[in-house]
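One structure is given below, encoded as structure tokens.
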Amino acid sequence: MGGGGEECPFVSAGCHDHGVNETIAQLAKRLLAADTDGWTEAGARALAAAVAPDARLRPVGQYEERYVDGEAYVELAVPVLKPADTGAAAQAAAFAEAREELTAELGEASIMGVYGDLGPFYASGPLWGTPYLRWRGRPNTLELRAGTAGPELVLQPTDPVESWFWRQGHGEEHAITGFFGSTRGPANAGLGFPGGWRAQRWETVTRALADFLSTLPAETTALGTPISMPIYGRGAGPGAPLLFDISCSDRLSIACFPPYDMDPNPETLGWGRAADHPATREVWDDDYDPRWRIDAGAPGEPRGRELAETLVATARAAGVRDPQDLIVGGEAEYMSPYRVTFYGLGLPTG
């Protein structure tokens, strides 16, 4: 969620704490079994009071009211871990720790993704990254979300948050940010997928890539799901040849496959070789294939704007004339066990 939305009010529940020795998984199971009485005022406040002193209810206000059907609140959030520092690496590690415990107890989340600049109901999130996992259910869904001070467990009525997401598919630039992945299991029966949007200007592509790359290693570390994303360029040679390869697990590496006669030389645009970026050998062990590459670093290290400008300048120098001629390879959509849509990039997939 990065920093684009307005702060929304939360109501703190001043009450007794949950058990000192309660694990994250035990709290999650208690939330899943809770009765919110349809998220009425009384029902939601009673649940918050029973959960923890630092449980926060998000009331229905101007940003939420068009998506609800009688609910007084749209989520109950409970902080579950507080990292030693606010750095991206520590935050990602804390999220990963909570993820591992929850997955061991609840099984694989049915939905995973990254919010980008816009979270549910236009909320904003931490600058280091905005990963989330959801165990979708009816009438409620449990989410592990990156909070401002550490990972949080969030119980939410399923319909309002999905209605919000669906209605963002209106096609305007940056209408949906981040990416969204889902499994094909029964938990996602009836799940709707909004339409995306398409970048019309190179500056739009630059901004979208900058947002995506800046936080990517922190988010893939947190989610435990690496990304391998080929990007093809129509106009960079016969057909639409491979132009870039983005690989990210706990480090972000980017490779370039330029036309042999490209002018200017890739080096002048910011690309180096394996000797300049030795960490990339963990991804591509042949120093000459790819010849041009960048090691963008670990969580908190990528300079997203610089990387995006390098990619866009290279694509244009290679002969890609229009943003819609930069194509995300369909292979990137399969992040087992999830099928992923990269809404925030605004690029076609093929």
Is there side-chain contact between Gln168 and Pro194, with heavy atoms separated by less than 4.5 Å?
no
Could you tell me how the ring of Trp164 sits relative to the ring of Tyr122: parallel (under 30°), tilted (30 to 60°) or perpendicular (over 60°)?
perpendicular
Has Ser214 got a side-chain atom pairing as donor or acceptor with Ala210's backbone, closer than 3.5 angstrom?
yes
Got a second to check how far Phe180's CZ is from Thr341's OG1, nearest 0.5 Å?
8.0 Å
Using the ring of each side chain (for Trp, its six-membered ring), is Phe95 parallel, tilted or perpendicular to Trp128, with breaks at 30° and 60°?
perpendicular
Enter the distance from Phe212:CZ to Arg207:CZ here, rounded to the nearest 0.5 Å.
15.5 Å
Using a distance-only test with no angle check, is there a side-chain donor-acceptor pair under 3.5 angstrom linking Glu41 and Tyr73?
yes
Member of Ser253, Ser228, Ser249 meeting the side chain to side chain contact (heavy atoms under 4.5 Å, CB included) criterion with Val283
Ser253
On the ring face of Trp271, is Arg293 found with NZ or CZ under 6.0 Å from the centre and within 45° of the axis?
no
Is any side-chain heavy atom of Leu191 less than 4.5 Å from a side-chain heavy atom of Arg136?
yes
Are Val74 and Val60 side-chain neighbours, meaning at least one heavy-atom pair lies under 4.5 Å?
yes
Does the side chain of Arg251 reach to within under 4.5 Å of the side chain of Glu301, using non-hydrogen atoms?
yes
For residues Arg305 and Thr206, determine if any side-chain heavy atom of one lies less than 4.5 Å from a side-chain heavy atom of the other.
yes
Show the numbers, then the answer: is there a salt bridge (Lys or Arg N to Asp or Glu O under 4.0 Å) between Arg281 and Asp287?
CA-CA 7 Å; Arg281 291 189 176 115; Asp287 285 7; 3.0 Å; yes
Is there a chain of hydrophobic side chains (I, L, V, M, F, W, Y, each step under 4.5 Å between heavy atoms) that links Leu345 to Ile327?
no
Please determine, by modelled atom types, if Thr40 and Asp37 share a side-chain donor-acceptor pair under 3.5 angstrom.
yes
I'd like to check Leu209 versus Val205 (side-chain heavy atoms, cut-off strictly below 4.5 Å). Are they in contact?
yes
